[in-house]
Amino acid sequence: MTKTQWQPLIKPVVLLDIMKLPPKEVQQVMEKITLLIQDPRPDGRTKKQLLHVPGKPYRIRSGRYRIFYTYNQHMVSIYKIDRRNESTYKDEGAPEDAPDADELNELELDESELPPTPRTDWEHVYTHTTNQALPEPITIEMLQKLRINQAYYPRLLRITDEEELINCPGVDQDTMTRLMDYLYAPPLSEAMQQQDLVLNEVEDLLRYKEGELLNFLLKLSPEQEKYAHWSLSTSGPTLVKGGPGTGKSTVALYRIRSLLERLLQQGHKTPTLLFTTYTNALVKSSQQQLKQLLGENARYVQVDMADSIVYQVLNSCGMAKFPALFNSNSEMQELTRQAIAETTFSGSKLQVQVQKRIIEQMGTDYLLQEFHAVIIGRQISTLADYQKTTRNGRKLRLSSTHRAAVWQVYQRWCQILQAAGKETWQQRRARAEVLTPKSPLYHSFDAVVIDEAQDLDPSSLRLLLQVCKAPNRLFVTADANQSIYGNSFSWSDVHQDLKFQGRTNILRANYRSTLEISEAARSYLRNSALEPDETGEQQYQQQYQQQYQYSNNGPLPDARTVINNAYEVKLLKNFFKKASLHLRLTLGSCAILCPSDQVGRALAAALTESGIEATFMAGRDLDLSHSGVKILTLKSSKGLEFPIVALAGFTTSSYPALPAQGTPEEIEEILHRERRTLFVGMTRAMRALLVVIPHQTTNPLLQGFEEAYWNLHGTI
Ligand SMILES: Nc1ncnc2c1ncn2[C@@H]1O[C@H](COP(=O)(O)OP(=O)(O)OP(=O)(O)O)[C@@H](O)[C@H]1O
């Protein structure tokens with residue numbers, strides 16, 4: 001057998017090309033790919049470099065087809081299998097080494113195959129995007145070839161034009177994407193930009209065509225690869241940071257694979273690993289990806305939200321039922337107001353008055369955050385300890401008189417909650433943390449990987465550290481600038497074992513968003529980045545604003561003003577339709593991220609009424625495979641991604657909620673946090689982004705869209 005020297009990689013579009021190939025051609029294509037991985041270098045005959053084509057790809061002929069590829073020292077990346085243009089190959093019987101028509105015809109380049117140049121304006125793109133007939137009719141044969149569920153046949157066979165194709169209610173997203181990709185193969189330049197997938201064996205292509213193999217794994221970049229395997233035998237935990245879309249979650253999943261391999265090599269018969277992430281939707285998608293990555297071995301990995309582990313610890317100790325959680329935020333606020341009213345402050349009459357005023361100025365939200373992030377999150381149980389604590393990330397400075405006042409309200413608050421049989425999530429997590437050593441979960445996992453750690457409570461982090469058998473088998477990913485609830489805290493404040501010095505790395509290449517979207521979001525975030533901590537956060541924040549690497553380009557994102565709700569719906573409808581048509585995607589690729597459930601439901605109703613399928617999905621029942629536009633709150637969009645995104649719903653809501661009598665520092669802290677929340681929303685977008693701004697708004701969060709980064713067209 002010939003030794004394989006180059007690792008074969010394929011672009012996702014190649015899989016569609018394989019589905020389109022007649023069976024007898026597949027064998028021949030596989031033979032050519034086998035030849036390529038033995039030696040991809042051009043030979044001037046069958047393998048040639050196309051010097052005049054953008055990207056200077058190589059091509060090898062395979063009968064009536066040609067395979068396009070690039071290669072480096074170690075890898076061959078195949079990115080298109082295309083039928084030769086018959087008119088340029090008059091002599092079908094020409095020998096393989098006949099003069100190459102490709103060279104003369106420049107691969108029949110049309111305009112769509114030129115490399116994408118950044119366009120400045122969606123409006124311009126819109127006007128050139130009109131509804132057209134499908135490039136070929138949808139047939140039963142096509143649907144069978146694509147292994148599409150027969151239940152969808154009647155609906156799909158009725159489609160005749162592009163608008164019907166992009167807005168096809170009731171057909172799941174995966175099906176629509178497959179059909180769309182099949183009908184509209186991306187041009188060469190786009191195919192080249194797609195991610196690389198690993199082709200372990202050339203025969204896998206045949207297995208894929210026959211339905212035995214459903215997926216191929218992503219090829220990590222060298223730096224991602226390094227962090228997935230890095231420091232497996234150090235003494236402490238490891239941390240990977242990076243901006244949005246740099247592949248932190250991806251590396252976390254591959255880290256699980258290397259930890260598992262290491263444990264199995266070390267002779268562990270039934271290793272147990274824990275992967276925690278942030279929302280139900282992320283649990284589901286991580287489970288799917290781990291199944292793909294690990295096959296049968298996925299049974300060794302438990303995927304959960306950190307709060308499920310909190311529940312499991314309490315349950316295992318018989319402490320899960322009582323006290324009950326609050327039914328609503330307003331119920332919690334009410335009890336907090338009651339605590340403020342009932343607190344008897346100590347000291348002279350003047351001191352009592354001062355303390356009362358301090359608390360009033362603070363507002364219930366800020367006070368609750370102080371209880372949660374500082375007192376409960378750090379397991380502080382005495383005023384003396386509270387007086388000493390550093391309060392990292394809290395902008396409002398508190399003197400010892402302030403702290404004494406907070407402490408007294410806190411004491412009363414605890415009594416009231418106890419009498420009502422209620423607790424907050426933060427109290428529950430802190431309770432679970434203390435109980436962990438008594439729970440069977442203590443030291444029960446051979447390794448723990450925590451994704452999206454920036455918003456975890458310190459109690460949850462310490463709990464997860466305790467369920468892990470050894471600190472060096474803990475791996476954490478985080479991006480402080482995507483912290484949407486709390487503010488920066490110091491890792492070593494959380495636990496002495498959480499010192500990442502020397503074991504922190506940063507990912508720098510963005511694989512999700514276009515350069516234009518990512519740079520616009522970063523320009524919006526500027527000034528709201530978080531405070532430094534001892535893991536090099538300051539350096540990180542400086543690097544955050546430096547040049548990133550991007551794989552994709554596109555038009556500038558839009559920040560558009562609207563005069564009322566009706567126009568907002570009109571703009572959204574127009575944006576989704578045109579962007580979907582232009583990008584050859586369906587409405588299932590579109591998402592609206594909005595400030596609250598209530599606003600989301602109203603938008604879903606209004607869009608549906610206007611003829612666009614749209615569904616509001618609460619965080620717990622997010623279904624990413626659902627057809628039509630998905631409407632989510634900004635907060636529940638964390639960790640997710642969508643090709644087309646609109647941030648909307650600011651015309652009706654009073655977002656952000658600011659305390660009526662808040663101090664400037666307190667308001668500044670809230671605004672910074674919410675600016676990061678909008679930043680998270682913007683960075684969910686892969687290809688197209690729109691922010692809908694109410695006309696003449698004074699909302700401070702909807703200011704700061706710089707003309708250099710955003711398309712700021714007029715009002716509609
Ligand atoms: N090496 C790679 N090549 C191509 N695509 C990649 C690569 N690494 C990651 N991706 C893709 O980039 C996207 C973002 O990756 P991922 O979600 O892991 O990033 P992240 O850093 O966790 O993002 P965020 O913090 O914004 O949630 C995903 O679609 C992922 O498949």
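Note: hydrogens, waters and symmetry copies are ignored here, and every other heavy atom, side chains too, is used. Start at 1 and go down the list; that is how both ligands and their atoms are numbered. The model shown is predicted, which means the values in this text are computed figures rather than measured ones.
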Does Tyr709 have its ring centroid less than 6.0 Å away from the ring centroid of Tyr524? no
How far is atom 17 (O) of ligand 1 from its nearest protein heavy atom, and which residue and atom is that? Arg512 NH2, 3.3 Å
What's the shortest distance from atom 20 (P) of ligand 1 to any protein heavy atom, and which residue and atom give it? Lys248 N, 3.4 Å
Could you tell me how the ring of Tyr208 sits relative to the ring of Phe216: parallel (under 30°), tilted (30 to 60°) or perpendicular (over 60°)? tilted
Against heavy atoms of Gly639, which atoms of ligand 1 measure under 4.0 Å? 27 (O)
Could you tell me whether ligand 1 has any atom less than 4.0 Å away from a heavy atom of Lys638? no
Ignoring hydrogens and geometry, is there a side-chain-to-backbone donor-acceptor pair from Asp457 to Ser460 under 3.5 Å? no
With a 4.0 Å cut-off on heavy atoms, is Asp479 touching ligand 1? no
What about Tyr71 and Tyr58, are their ring centers closer than 6.0 Å? yes
Does at least one non-hydrogen atom of Thr683 fall below 4.0 angstrom from an atom of ligand 1? no
Is the shortest distance from a Lys or Arg side-chain nitrogen in Arg512 or Glu641 to a carboxylate oxygen in the other one below 4.0 Å? yes
Side chain to side chain contact (heavy atoms under 4.5 Å, CB included) between Asn711 and Phe705: does it pass, once the steps are laid out? CA-CA 9 Å; Asn711 175 29; Phe705 293 88; over 6 Å; no
In ligand 1, the atoms that come under 4.0 Å of a heavy atom of Glu452 are 27 (O)
Proximal atoms of ligand 1 relative to Ser221 (non-hydrogen, under 4.0 Å): 1 (N)
Ligand 1 atoms nearer than 4.0 angstrom to some heavy atom of Thr250 are 9 (C), 15 (O), 16 (P), 18 (O), 30 (C)
Return the closest protein heavy atom for atom 12 (O) of ligand 1 as residue, atom name and distance. Tyr511 CB, 3.3 Å
Option set Gln224, Gln289, Gln195, Lys219, criterion heavy-atom distance to atom 8 (N) of ligand 1, minimum: Gln224
Can you check whether Leu146's main-chain N or O pairs, donor with acceptor, with Arg178's side chain at less than 3.5 Å? yes
Can you find an N/O atom of Gly245 closer than 3.5 Å to an N/O atom of ligand 1? yes
Please determine if Lys248 and Glu452 form a salt bridge, counting it only when a charged side-chain N lies under 4.0 Å from a carboxylate O. no
Look at Arg508 together with Glu223 and state whether they make a salt bridge at an N to O cut-off of under 4.0 Å. no
With a 4.0 Å heavy-atom cut-off (strictly under), which part of Thr477 contacts ligand 1: side chain, backbone, both or neither? neither
Show which atoms of ligand 1 fall inside a sub-4.0 Å distance from at least one heavy-atom site of Ser249. 18 (O), 20 (P), 22 (O)
Whether Asn510 side chain and Ser513 backbone form a donor-acceptor pair below 3.5 Å: yes
Nearest protein heavy atom to atom 19 (O) of ligand 1, by residue and atom, and its distance? Gly247 N, 3.0 Å
Report the nearest protein non-hydrogen atom to atom 29 (O) of ligand 1: residue, atom name, distance rounded to 0.1 Å. Glu641 OE2, 2.5 Å
